[in-house]
Amino acid sequence: MTLGSWTAFALTAITFALYWTMPARARPWLLVAASYVFYAYAFPAYALLLAGLTVGAFLLGRRLRERREYSGRAVLACGTAAALMVLAVFKYSAFVAETGNAMWAVLGLSVALPVPAWAAPLGISFVTFALIHFLAEMRNGEAEAPTFAEFAAYLSFFPTVTSGPIKRYPQFMADSRGGAMLRPVSSDVAYGLYRILLGCFRKFVVADTIGVLAEPLYSVQTNTPLIVIAVYAYAFKIYFDFAGYSDIAIGTARLFGFTVMENFNGPYLRRNIREFWRTWHASLTRFITEYIYHPLGGSRHRRVRTVFNMLVAMTLSGLWHGPAWHFVLWGVWHGVGLAVLRLWMQTTALLRRRVRLLDRIAATRVGRFASYAFGWAVTFNYVVLGWVLFVLPVRDSLEVYGAIARYAREIVRGFAGGVL
C-alpha cells in the first residue's frame, strides 16, 4: 500500500471518521492500528520488526530519561548502534556482500560471500532516523516522555512511515496531547484536503506526464539529442514526484491534527547549492546536519576539516537513498558542490573587502540580479546533471555525461561557425 493509492485513501477516511468520535486517550491506539494495517499490507512479517523496534526503543528511551546524567551517553550510543545495525542488515548487507565479492574477484581470490535475498522493509530508513531522533530527545531531557501508545503512534505514523517527511518528536507529542477536542478543526481539514489534492495533481498528473519525456534517460539512449531533454525532464519529474508525495503526507497528517514540517520549498529557484539543500527534502537535510555534520565538527574547524565534514555528511546522505555506488557518488557530487561553494563565497567576500568598487556594484539592483542569475544558472544545472548519477548506475551515467558533452560541443561549434 502506498499513500497515494485508493486503499490508502480508504484507510485514511475510515481512520478519520473513527478518530474524531472516540475519547482522546484512545486515539493514539487507533493511529497505531491504522499504521500497522498500512505497514503490513505488503509484507506482514515486517510489522513484527517494527513492533520489536518500537518496544526496544521505548524501553531505552525510558532508561535515558531516568538516567541521562549517569549512563545516558552510553545508552544512547548503544541504542543508536542497534538501530543502525538493523538498518545495515536489512538495507545494506547485500550491497556489502556484492562489493566484497567484486573486490575478491579483482584480487583473484576465490571467496564468495553469501548475498542476502531479502527485501528491505518499507520505510526502514525513515523509521531508523525517527528512532534515533527520539532517543536523542530523551537524552537531552527537554521533550516530554511518551506513553507507549503515543510512542508507537509516533514511530509507525502511517502518513510518513514509508517516505517521510522525517517527523520531529517534540512537535508530534505537542500535537498528540493538544488534540483532545471533540471535533476536528475545520481549517485543518480544509488545509489537509487541499494538500492531498495538490499532492495528487503533482504526483499523478504533472510528474507522470513529464516522466514520458525522461524515457530516453531510463533506457540510456545516448545516440539522440533527446537524451539532454530527458535529463532535464527527469529533474522536474523527480521534484514533482517527491514534492507531491510530501504534500499527500502533510495533508493526511493534518486531518488528524498533526503538523509535519515542509519538505520542499522552491528548491530549483535557489541561487546556490546550500540554499538548494535547505529547501530540498528539508527534513532529511536537517537530520543530516544535526546528527552527522555538527557532531563531526561542522564548520568550526579549519578549511580542510570543514570540507571533509561536508563530504562525509553528503556521502552518507547519498548512501541513505539506496545501497548502490551511484547513490554514493551522487552524495559525493553534492558534497563537492557544497565545498566549492564555501571556497567561492570566502574568495568573493575577500575580494569585496579589498576592492570596494566590487562591493558597491554588487549592492546595486543590477548587481544583485546578476549575482542571483549567475548563481541560479550554475546551481540548477549542477543539480540537474547530478540526477543522472541518482537514477543510473555509474557506467551508464558516464555514458550519458559523454553524450551530453558531445552534443554540447556540436552546439558550440555550430554557434561559432554561424557567428564567424
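Taking the six-membered ring where the residue is Trp, Tyr194 and Tyr191 present tilted rings, their angle falling between 30° and 60°. Classified by interplanar angle (parallel below 30°, tilted 30° to 60°, perpendicular above 60°), the ring pair Phe287/Tyr291 is tilted. Aromatic ring orientation, Trp344 versus Phe374: tilted (interplanar angle from 30° to 60°). Note on ring orientation: taking the six-membered ring where Trp is involved, the planes of Phe276 and His334 are parallel (angle under 30°, cut-offs 30° and 60°).
In this structure, the side chains of Trp325 and Val328 come closer than 4.5 Å at one or more pairs of heavy atoms. In this structure the side chain of Ile14 never reaches within 4.5 angstrom of the side chain of Thr12, judged on heavy atoms. Residues Leu269 and Tyr372 are in side-chain contact: their nearest non-hydrogen atoms beyond the backbone lie under 4.5 Å apart. Looking at Phe256 and Thr15, their side chains come closer than 4.5 Å, going by heavy atoms from C-beta outward.
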request  = Could you walk me through whether Asn381 and Tyr232 pass the side chain to side chain donor-acceptor pair (under 3.5 Å) test, one step at a time?
outcome  = CA-CA 9 Å; Asn381 286 284; Tyr232 283 84; 2.5 Å; yes

Legend entry - Residue pair Ile196, Leu255: steps toward the side chain to side chain contact (heavy atoms under 4.5 Å, CB included) verdict: CA-CA 10 Å; Ile196 291 172; Leu255 293 178; 3.9 Å; yes

Worksheet item: Between Val312 and Leu296, is a side chain to side chain contact (heavy atoms under 4.5 Å, CB included) present by the stated rule, with each step listed?
Response: CA-CA 9 Å; Val312 170; Leu296 286 173; 3.6 Å; yes

Next item on the list: Could you walk me through whether Ile248 and Cys200 pass side chain to side chain contact (heavy atoms under 4.5 Å, CB included), step by step?
Entry: CA-CA 7 Å; Ile248 298 172; Cys200 289; 4.1 Å; yes

**Asked** Going through the checks in order, is the side chain to side chain contact (heavy atoms under 4.5 Å, CB included) test met by Leu316 and Ile288?
**Response** CA-CA 9 Å; Leu316 292 177; Ile288 294 293; 5.5 Å; no

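Taking the six-membered ring for Trp and the full ring otherwise, Trp376 and Tyr268 have centroids separated by 6.0 Å or more. The aromatic ring centres of Phe258 and Phe157 sit less than 6.0 Å apart. Checked against the 6.0 Å centroid criterion, the rings of Tyr382 and Trp333 qualify as a close aromatic pair.
Checked for salt-bridge contact, Glu275 and Arg271 meet the test: a charged N lies under 4.0 Å from a carboxylate O. Comment: Arg195 engages Glu262 in a salt bridge, judged by a side-chain N to carboxylate O separation of less than 4.0 angstrom. Under the 4.0 Å criterion applied to side-chain N and carboxylate O atoms, Arg168 and Glu290 are assigned as salt-bridge partners.
Between the side chain of Asp175 and the backbone N or O of Thr259, at least one donor-acceptor pair lies under 3.5 Å. Arg270 places a side-chain N or O within donor-acceptor distance of the main-chain N or O of Gly266, the cut-off being under 3.5 Å. No donor-acceptor distance shorter than 3.5 angstrom exists from the side chain of Trp330 to the backbone of Ser317, with no hydrogens or angles considered. Not a single donor-acceptor pair under 3.5 Å links the side chain of Ser156 to the backbone N or O of Val32. Ser5 places a side-chain N or O within donor-acceptor distance of the main-chain N or O of Thr2, the cut-off being under 3.5 Å. Side-chain N or O atoms of Ser283 include none that pairs as donor or acceptor with a backbone N or O of Pro165 at under 3.5 Å. Side-chain atoms of Tyr92 come within 3.5 Å of backbone N or O of Leu319 as a donor-acceptor pair. Remark: side-chain polar atoms of Tyr293 are not paired, donor with acceptor, to backbone N or O of Met314 under 3.5 angstrom. Side-chain N or O atoms of His326 include none that pairs as donor or acceptor with a backbone N or O of Val394 at under 3.5 Å. A donor-acceptor pair is defined here as one N or O able to donate and one able to accept, closer than 3.5 Å; no such pair exists between the side chain of Tyr169 and the backbone of Phe151.
The ring-ring contact (aromatic ring centres under 6.0 Å, His included) with Trp387 is formed by just one residue from the set Trp280, Tyr239, Phe327; it is Trp280.
Leu213 contributes atom CG, which lies 14.5 Å from atom OH of Tyr234 (distance to the nearest 0.5 angstrom). Between the CZ atom of Phe204 and the OH atom of Tyr245 there is a distance of 9.5 Å, given to the nearest 0.5 Å. In this structure, OH in Tyr39 is found 6.0 Å from CG in Leu122, a value given to the nearest 0.5 Å. Of the inter-residue distances, the one linking Thr252 atom OG1 with Leu3 atom CG reads 4.5 Å to the nearest 0.5 angstrom. Put simply, CG on Leu11 and OG on Ser35 are 8.0 Å apart, with the number rounded to the nearest 0.5 Å. Taken from OG1 in Thr80 to CD1 in Ile132, the straight-line distance is 5.0 Å, to the nearest 0.5 Å.
For Met103, the CE atom sits in a loose shell: 12 or fewer heavy atoms of surrounding residues, nucleotides or ligands are nearer than 6.0 Å. The environment of Phe201 atom CZ is sparse: at most 12 non-hydrogen atoms of other residues, nucleotides or ligands sit within 6.0 angstrom. Around CZ of Phe308, the count of heavy atoms belonging to other residues, nucleotides or ligands within 6.0 Å does not exceed 12.
Scanning all heavy atoms of the two residues, the minimum distance from Pro146 to Met138 falls at CD-SD, 4.3 Å. Of all heavy-atom pairs between Leu155 and Ala130, the closest is CD1-CB, 4.0 Å. Of all non-hydrogen atoms in Thr54 and Leu50, the two that sit nearest each other are OG1-O, 2.7 Å. Here the closest heavy-atom approach between residue Leu311 and residue Val336 is recorded as CD2-N, 3.6 Å. Summarising the geometry of Thr21 relative to Leu18, their closest heavy-atom pair is OG1-O, 3.0 Å, with the distance given to 0.1 Å. When every heavy atom of Ser176 is checked against every heavy atom of Pro28, the shortest pair comes out as OG-CG, 4.5 Å.
Inspection of the Tyr218 and Asp396 side chains reveals no N or O donor paired with an N or O acceptor under 3.5 Å.
Geometric assessment of Lys167 against the ring of Tyr154 yields a positive cation-pi assignment under the 6.0 Å and 45° thresholds. A cation-pi arrangement is found for Lys91 relative to Trp320, the charged atom lying closer than 6.0 Å to the ring centre and inside a 45° cone about the ring normal.
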